[in-house]
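Numbers here simply count residues along the sequence, with the first being 1.
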Amino acid sequence: MEENKNVAYDEPTEGIVIDYEKGVKNPLLKNRRYVGQKERIGYLLNDVAASFNISKYNDRFIYDVVKLDFHYLAIYTLFAGIWDTINDTFIGVIVDRTRTRWGKFKPYILLGQIPLCILGLWYWFMPAIFPDTAADYLPKFIFYCVFSVISETAGTFTSIAGTGFMSTITPDPLERTGLITMAKLVSGLVGEKLPELAFGVLLDLVNNDVLKWNRRNLFMCFGIGTAICSCAMSFYFICVTKERVSQSIEKPSVVQGLKAIINNRPILMITLSEFLEGFKVSKGKINYYIDVLGSATYQTIVGIPASPVSTISYAFVAPVRKRISTRAIWILEDLWTDCCWLAVFGIGSIGGMKKGLYKNKWVMLPVFAIEEVLEMCVYGLRNVIPNELYNEAMDYCEWKNGYRAEAMTGVARGLVKKLQGIVMSSIQNLIMAEIGYIQGLSIGTQADSTKWWIFAMGTGVPVITGALGVIPKFFYNLNGEERDRMYRELFARREAMRNAVNNAKDEQEVALIAKAQMRGEYIG
């Protein structure tokens, strides 16, 4: 990446102290709009792109179309984590130390989006490359392993850069929250999950021989088509959007990057919460709808009454945030959702494995529909608050240390989740084998005990096994006056730094200012 050649980094810094407080009004009262109309449209399209896929059916694709042995998958998941751990670390350092005329994150996303899309298409071509092969066919498994490693490595660059990029689009936290709310609301209204819904209907028709289509071709067409459309939307977004939160002039060292993680209490609490919640054992609800109730479309049907509620829920975000702290919202949303699913699990388990209500669609479909309505009451809060919490944690890093370390922070956070995910994914694949799940069977023909476990792992078991995740949320400390003071001081510092650099007489003075900034001399 091309660096800013106008800055020297080896000059002494004694005597450079910057006054960040004089003459700066409260920036939170300015109500300035940084993001233009094209960028807002791009932000919306990028949010649509994130869920414009059929990833909910990835397990069905691997289990019933590609057909990879569960034990092979468990072994690969475990050992692939070694490489995943290594590349995350050095990629995070590279991204955090990048300084270019286009920004810190944008080059990686811009240059990686299209190649990554092309690479990802091979995932959907696997059934055509290895048609009618056994689940333990070794060349197919090797191809899957090699593809996954290459794809994951390339995706790490764009993922780390993309997460950091989203926190730098605007320096105004109010505008940032507004962007998140707008994107989540509008993308839901315009049908971001349309491919997923349409695919579910068609898959049911194919599974029940109403449509004489090839299931392999159905997966391939939808997978390839959604991947290309999603790439196009994200590419437009990154082309028209700018980074507006300036980075420190001097690049943070690896030690400084690690320091930014250790002394960032908000990100530690977020990471710890995700870690504890990550112990949940879950294989999703789509397997329950297909293998127990007999139709993927049922998931769409039970969601119809809740659809308007999920849209209306975004109207609650602003007034609720005025009356309740971000931490309290974060906790209450979690507990509310968990209680809803525990109720569903309890009702479905009445009667036991053989005669349980979980197999009666006339009972369970209304129960699931009611649960969806109740859960969607907090849907807007769930989609907005966690994103804003992470963005606040990145600003907290700049406030506390004088520099931002989005990439290294994201890597540390992701590393914990990935290491845990490796183990849990292996365990869950082994569990599928242990409960007697037989790949490729006609829908509804699994054993009763297998069906009950599929139901349990989509409702109550994830809640019970991930319940400890709520505890760290009680210790999240960035609230109220401290948060307001942080943003007042951040705006003041940024403005003073910009003025100091603009008024610098030569490159040597810019270098001195940069080193003072990295030492945090302005704090106090």
Legend entry - Heavy-atom donor-acceptor pair, Asn264 side chain to Ala393 backbone, under 3.5 Å: yes
Inset, instruction - Could you please spell out the steps behind the side chain to side chain contact (heavy atoms under 4.5 Å, CB included) verdict for Val344 and Met364? - result: CA-CA 8 Å; Val344 173; Met364 295 311 297; 4.1 Å; yes
Legend entry - Minimum heavy-atom distance between Val309 and Val373, given as atom pair plus value: CG1-O, 3.8 Å
Legend entry - Heavy-atom pair of closest approach, residues Phe130 and Thr133: O-OG1, 3.2 Å
Legend entry - Within-4.5 Å side-chain heavy-atom neighbours: Trp330 and Val470: no
Legend entry - Flag, side chain of Thr241 to backbone of Ile238, donor-acceptor distance under 3.5 Å: no
Inset, instruction - Using the test ring pair (Phe, Tyr, Trp, His ring centres under 6.0 Å), find all partners of Tyr288 that sit at least two apart in sequence or belong to another chain. - result: Phe368, Phe455
Inset, instruction - Any chance you could measure Tyr72, atom OH, to Cys145, atom SG, to the nearest 0.5 Å? - result: 10.5 Å
Inset, instruction - Could you grab the distance from atom CG of Asp334 to atom CD1 of Ile471, nearest 0.5 Å is fine? - result: 11.0 Å
Inset, instruction - Taking the side chain as every heavy atom from C-beta outward, state whether Ile109 and Phe237 have any atom pair closer than 4.5 Å. - result: no
Inset, instruction - Would you check if Met486 and Glu482 make a side-chain contact, meaning some heavy-atom pair closer than 4.5 Å? - result: no
Inset, instruction - Please check if the side chain of Arg40 supplies one atom and the backbone of Val35 the other of a donor-acceptor pair under 3.5 Å. - result: yes
Inset, instruction - Check for a donor-acceptor pair, side chain of Asp204 on one end and backbone N or O of Ala296 on the other, with a separation under 3.5 Å. - result: yes
Legend entry - Aromatic contact, Phe61 with Trp124 (centres under 6.0 Å): yes
Inset, instruction - State, with a plain yes or no, whether a side-chain heavy atom of Asn477 is found less than 4.5 Å away from one of Tyr396. - result: yes
Legend entry - Glu434, CD: over 12 other non-hydrogen atoms inside 6.0 angstrom: no
Legend entry - Distance, nearest 0.5 Å, that separates CD of Glu333 from CG of Asp338: 8.5 Å
Legend entry - Residues Leu272, Phe475; criterion side chain to side chain contact (heavy atoms under 4.5 Å, CB included); working and verdict: CA-CA 11 Å; Leu272 183 57; Phe475 298 95; over 6 Å; no
Inset, instruction - Report the relative orientation of the aromatic rings in Trp452 and Phe345; use parallel for angles under 30°, tilted for 30 to 60°, perpendicular for over 60°. - result: tilted
Inset, instruction - Ignoring hydrogens and angles, tell me if any N or O in the side chain of Lys140 forms a donor-acceptor pair with the backbone of Met126 under 3.5 Å. - result: no
Legend entry - Closest non-hydrogen atom pair between Val201 and Thr297, with its separation: CA-OG1, 3.5 Å
Legend entry - Under 3.5 Å donor-acceptor, Asn391 side chain and Asn387 backbone: yes
Legend entry - Gln446 side chain vs Ile438 backbone, donor-acceptor pair below 3.5 Å: yes
Inset, instruction - Using only heavy-atom distances, determine whether the side chains of Arg60 and Asn287 contain a donor-acceptor pair under 3.5 Å. - result: yes
Legend entry - Interatomic spacing from CG in Leu197 to CD1 in Ile301 - rounded to 0.5 Å: 11.5 Å
Legend entry - Side-chain donor or acceptor of Thr465 paired with backbone N/O of Val281 under 3.5 Å: yes
Legend entry - Check: Val210 main-chain N/O paired with Asn208 side-chain donor or acceptor under 3.5 Å: no
Inset, instruction - Take Lys355 and Asp448 through the test side chain to side chain contact (heavy atoms under 4.5 Å, CB included) and record every step on the way to the result. - result: CA-CA 9 Å; Lys355 298 181 180 181; Asp448 283 341; over 6 Å; no
Inset, instruction - First locate atom SG of Cys339, then atom CD of Glu375, and finally report the distance between them rounded to the nearest 0.5 Å. - result: 12.0 Å
Inset, instruction - With rounding to the nearest 0.5 Å, note down the distance linking CG in Leu205 to CG in Asp209. - result: 10.5 Å
Legend entry - Closest heavy-atom pair and its distance - Tyr57, Gly200: OH-CA, 3.2 Å
Legend entry - Pairwise side-chain contact, Leu468 with Glu277, heavy-atom cut-off 4.5 Å (strictly under): no
Legend entry - Nearest atoms (heavy-atom pairs only) where Leu389 meets Thr326: CD2-CG2, 3.2 Å
Legend entry - Ile331 side chain reached by Tyr476 side chain, heavy atoms, under 4.5 Å: no
Legend entry - Of all pairs that satisfy side chain to side chain donor-acceptor pair (under 3.5 Å), the ones with a partner from residues 362-374, not counting sequence neighbours: Trp341-Glu371
Inset, instruction - Look at the side chain of Tyr358 and the backbone N and O of Met353, then say whether any donor-acceptor pair between them is shorter than 3.5 Å. - result: yes
Legend entry - Residues forming a side chain to side chain donor-acceptor pair (under 3.5 Å) with Ser148, sequence neighbours excluded: none
Inset, instruction - Taking the side chain as every heavy atom from C-beta outward, state whether Leu365 and Tyr298 have any pair of such atoms under 4.5 Å apart. - result: yes
Inset, instruction - Could you tell me which non-hydrogen atom of Arg215 sits nearest to which non-hydrogen atom of Leu203, and how far apart they are? - result: CD-CD1, 3.9 Å
Inset, instruction - Return the orientation label for the Phe279 and Phe275 ring planes: parallel under 30°, perpendicular over 60°, tilted otherwise. - result: perpendicular
Legend entry - Ile431 and Tyr437, any side-chain heavy atoms less than 4.5 Å apart: no
Inset, instruction - Before giving the answer on side chain to side chain contact (heavy atoms under 4.5 Å, CB included), spell out for Val378 and Phe316 the whole-Å C-alpha distance, their side-chain angles and the decisive distance to 0.1 Å. - result: CA-CA 8 Å; Val378 296; Phe316 304 154; over 6 Å; no
